[in-house]
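All values reported here derive from a predicted model rather than from experimental measurement. Throughout, a chain's letter reflects where its sequence line sits, starting with A, and its residues are numbered from 1.
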Number of protein chains: 2
Amino acid sequence: MKLTTKGRYAVMAMADLAYHSNEKPVSLTEISLRQNISLSYLEQLFIKLKSKKLVKGLRGSRGGYTLEKPASEIKLSNIFYAVEEEVRTLNCKKDSKRGCNNKSVKCITHNLWDRLDNHINGFFENVKLEDLLKENYEQQRNK
Amino acid sequence: MKLTTKGRYAVMAMADLAYHSNEKPVSLTEISLRQNISLSYLEQLFIKLKSKKLVKGLRGSRGGYTLEKPASEIKLSNIFYAVEEEVRTLNCKKDSKRGCNNKSVKCITHNLWDRLDNHINGFFENVKLEDLLKENYEQQRNK
DNA sequence: TAGAATTCCTAGTAGATTTGTATGATTTAA
DNA sequence: TTAAATCATACAAATCTACTAGGAATTCTA
């Protein structure tokens, strides 16, 4: 399964963007400094996020990024899907040397990984960017 | 997070072992052939499984491995814990350059990764080796 | 008792992947 | 016109995975 810093960074950056966005776009430089993620790396992530219509890029001076749709409509699964290739634990795929790949006897654990995939994807499917913000607001208030 | 073939192989091998064990121990050579996992790699996994008291090794000719306790008492989380170093998605640890590492402002997504960890671990915590076998039996019967 | 089959143990390593860096072109506001 | 930003591509260091190699120790069996 792919669940590395790439996906984490993407979520962190999107949360940062949502948190700090009002009228004007937020530059990656800002996010880079606040979240301690390299600028070039962020740029690569945001190109992917843009291609999936999650953010809008505004070039030029005073440019930056804005959310393409409200935080309440962006699921974490959207973000992961945009930057990660896939969230699959299984490698019993066709034409693979490994796994059960269509042998007469299915590998014993085949269904298990299927269920795990659903379990994890379900988690991301049920959390929206907005939820992270709310959580953060409350945390701030309780200090 | 660590969720690679190492953990998968361990679960597959344990399921195979449980499935084929009656009186005599099961050799890794058998498992290696049936599950298509390299023998040396299996050996390394089983040393770890042994150290966590999940299997018992019987050296010498006609030797092999047996379950140390019934399949109904072995949770998948036990298996993962034995062979993987950790199942943690978070890298906001102390002394790390990355993540929120104790800055005054907690990183926005800190709690999220915590919850994800619990979510995934909960999955493994609630599946026992026995469950995999039952599933397999039923699959065979429905053919 | 010799030999075969097995676990046990340690070290190394090729290849893939991740996590960036480097460089420059393009666009736009001031 | 200049500075600040996105956009785009190529490359590279570091890490990690998934093994391989080689042998020692143990135990059953012929």
So if I take every side-chain heavy atom of [X] and compare against [options], which nucleotide ends up nearest?
X	options	value
A/Q44	D/dC7, D/dT9, C/dT28	D/dT9
A/R62	C/dA30, D/dA21, C/dC8	C/dA30
B/E43	D/dT27, D/dA21, C/dC8	C/dC8
B/I47	C/dG20, D/dC19, C/dC8	C/dC8
A/R59	D/dA21, C/dT26, C/dC8	C/dT26

Worksheet item: Atom CG of A/L116 and atom CZ of B/F123: how far apart are they, to the nearest 0.5 Å?
Response: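 One gets 5.0 Å once the value is rounded to the nearest 0.5 Å.
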Fill in: Between CG on residue A/L76 and CG on residue B/L112, distance to nearest 0.5 Å
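It is 5.5 Å, given to the nearest 0.5 Å.
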Establish, with yes or no, whether the OP1 or OP2 oxygen of [N] is under 4.0 angstrom from a side-chain nitrogen or oxygen of [X].
X	N	result
A/K50	D/dC7	yes
B/Y9	D/dT17	no
A/S61	D/dA5	no

Return the value, rounded to whole Å, for the distance between atom [atom1] of [X] and atom [atom2] of [N].
X	N	atom1	atom2	answer
A/L45	D/dT6	CG	P	13 Å
A/F46	D/dA5	CZ	C1'	14 Å
A/K6	C/dA16	NZ	C1'	13 Å
A/L39	C/dT23	CG	C1'	13 Å
B/Y41	C/dT13	OH	P	18 Å
A/L49	D/dC7	CG	C1'	14 Å

Practice prompt. Could you check A/L58 against A/G7 and say which one's nearest nucleotide on DNA chain C is further toward the 5' end?
Written response: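 The residue mapped nearer the 5' terminus is A/G7.
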Worksheet item: How do B/G64 and A/G60 order along DNA chain C: which one's closest nucleotide is nearer the 5' end?
Response: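 Its nearest nucleotide being more 5', the pick is B/G64.
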Worksheet item: What is the nucleic acid contact for B/S40, judged by heavy atoms within less than 4.0 Å: base, sugar-phosphate only, or nothing?
Response: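 Counting heavy atoms under 4.0 Å across all strands, the contact made by B/S40 includes a base.
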Worksheet item: What heavy-atom pair brings B/V55 and B/K50 nearest, and what distance separates the two atoms?
Response: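 Residues B/V55 and B/K50, closest heavy atoms: O-CG, 3.5 Å.
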Worksheet item: What orientation do A/Y41 and A/Y9 show, parallel under 30°, tilted 30 to 60°, or perpendicular over 60°?
Response: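 Perpendicular, since the angle between the ring planes exceeds 60°.
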Item to complete: Could you tell me how the ring of B/H119 sits relative to the ring of A/H119: parallel (under 30°), tilted (30 to 60°) or perpendicular (over 60°)?
Response: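 Geometry flag for A/H119 against B/H119: parallel rings.
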